[in-house]
Student: 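This is the structure I want to talk about, given as structure tokens.
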Amino acid sequence: MGHDAEEEETPPATPTTAAGIDQEEETWNLQKHALIHELSQKLITGDLQAKIEAARDIRKHVRKSSVKTRSKFGAAGLIHPLVSMLSSPNLDACEASLLALLNLAVRNERNKVNIVTAGAIPPLVELLKLQNIGLRELATAAILTLSAAASNKPTIAASGAAPLLVQILGSGSVQGKVDAVTALHNLSTCKENSIPILDAKAASPLINLLKECKKYSKFAEKATALLEILSKSEEGRVAMTNSDGGILTLVETVEDGSLVSTQHAVGALLSLCQSCREKYRELILNEGAIPGLLQLTVEGTSIAQERARTLLDLLRDTPKEKKLASSVLEKIVYDIATRVDGADKAAETAKRLLEDMVQRSMELSMNRIQHRAASCTPANIPSA
């Protein structure tokens, strides 16, 4: 089930005179006020069917409305009865109230906070446990929307929602998985939370999702951020390396990702290698990481560049006291560039020389890969 569109409402056509405009706006506002009052009464005093119809009407009127209209609906006493409906054994009531609350929360910070304050998170967590896929993924979308408000994050993080969102990563629809990753990413930024948001079970589905998406996408940035968090624990590191193509996927993200996703991907690889160089060094080298890391020392963020240099030093097959540090290599290149083109153009020339070195390294790496492939006789290689 897709998310409702976020569009601004357009008031009725208005007369051209100022007096006519004022009168039309007043009539429009009175009609809206009467509608809100009517729906509020149905929610509070109506029978179950009346409440379901009212919740559906709220969703219909709010889904294309302005922030101001959402605020009016939220301030009219509608939120508490809608939250109460989330605990109804009637699935139609759950769905109607969930959709109404989801639309009230979109692009409205105050409504987000008020919905959580009204006690929405415990019933939403229960909905995440249902076998009903539609309700479960609507609850995921609601958790995502509500977790966008900073003040809601501690409550949601402490609610037990995170392990259930991890389950969605492996079994939900494409939209459900995207929403679960984004919700987990929102919760991972909660500084007040002392409980780990992720466990090692998230590693394999995150790796699989990262394999399938464009490495420079916003989704890849969130997925790699979560993988970097997982790389900080031994259980997470083991789960990542045991996932099919886990290290290769991170290496590919270093090569093809955005500035943000490359920073997180190299951070995850560095955590692996720093935790146990003997265990992870060969695994990372076998996936052809060197060209992408060299490129990152030139083109990444300052943090990514530093991480790439540190990882390159760890990957070198020389004793620590004899290794040629990346910074020393860069200084040598800069000195050569100064002699060739002078101090004014040294930085530009040095960057070009480093890029040429990266390109040459990538060509050599590709030649080695092709040589290895030619010496093997793999069977059943798919044609596409």
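We count residues from 1, following the sequence as given. Since the structure is predicted, the reported quantities are computational estimates derived from the model, not experimental observations.
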Student: Is there a path of hydrophobic side-chain contacts, each under 4.5 Å between heavy atoms, that joins L226 and V260?
Tutor: no
Student: Should the heavy atoms of other residues, nucleotides or ligands under 6.0 Å from CZ of R110 be counted, would the total exceed 12?
Tutor: no
Student: May I ask whether V125 and L165 are part of the same hydrophobic cluster, defined by side-chain heavy atoms of I, L, V, M, F, W, Y residues being less than 4.5 angstrom apart, directly or through others?
Tutor: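 Yes, V125 connects to L165 through the hydrophobic network.
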Student: Do S261 and K215 have side-chain N/O donor and acceptor atoms under 3.5 Å apart?
Tutor: no
Student: Decide if atom CG of L48 counts as having more than 12 heavy atoms of other residues, nucleotides or ligands within a radius under 6.0 Å.
Tutor: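 It does: L48 CG has more than 12 such atoms within range.
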Student: Any side-chain heavy atom of L82 within less than 4.5 Å of one from L104?
Tutor: yes
Student: Would you say that M240 contacts R237 through its side chain, given a criterion of any heavy-atom pair below 4.5 Å between the two side chains?
Tutor: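 They are not in side-chain contact.
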Student: Whether the K232 and S271 side chains hold a donor-acceptor pair (N or O, under 3.5 Å, no angle test) is what I'd like checked.
Tutor: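 Judged by distance alone, the side chains do pair up.
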Student: If I compare all heavy atoms of L35 with all of F73, which pair ends up nearest, and what's the gap?
Tutor: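 Closest approach of L35 to F73: CD2-CZ, 4.5 Å.
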Student: Hey, is E53 close enough to R56 for a salt bridge, meaning N to O under 4.0 Å?
Tutor: no
Student: In this structure, would L315 and L250 fall into the same cluster of hydrophobic residues linked by side-chain contacts under 4.5 Å?
Tutor: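 L315 and L250: one cluster.
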Student: Quick one: do the S71 and N108 side chains pair a donor with an acceptor below 3.5 Å?
Tutor: yes
Student: Other residues, nucleotides and ligands only: do more than 12 of their heavy atoms fall within 6.0 Å of NZ on K211?
Tutor: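 Yes, the 6.0 Å shell around NZ holds more than 12 heavy atoms from other groups.
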Student: Without swapping roles, check the side chain of S40 against the backbone of I36 for a donor-acceptor pair under 3.5 Å.
Tutor: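 No, because the side chain of S40 does not come within donor-acceptor range (under 3.5 Å) of the backbone of I36.
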Student: Using distance alone, with no hydrogens and no angle criterion, decide if S258 and E221 have a side-chain donor and acceptor under 3.5 Å apart.
Tutor: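 Yes - a donor-acceptor pair under 3.5 Å links their side chains.
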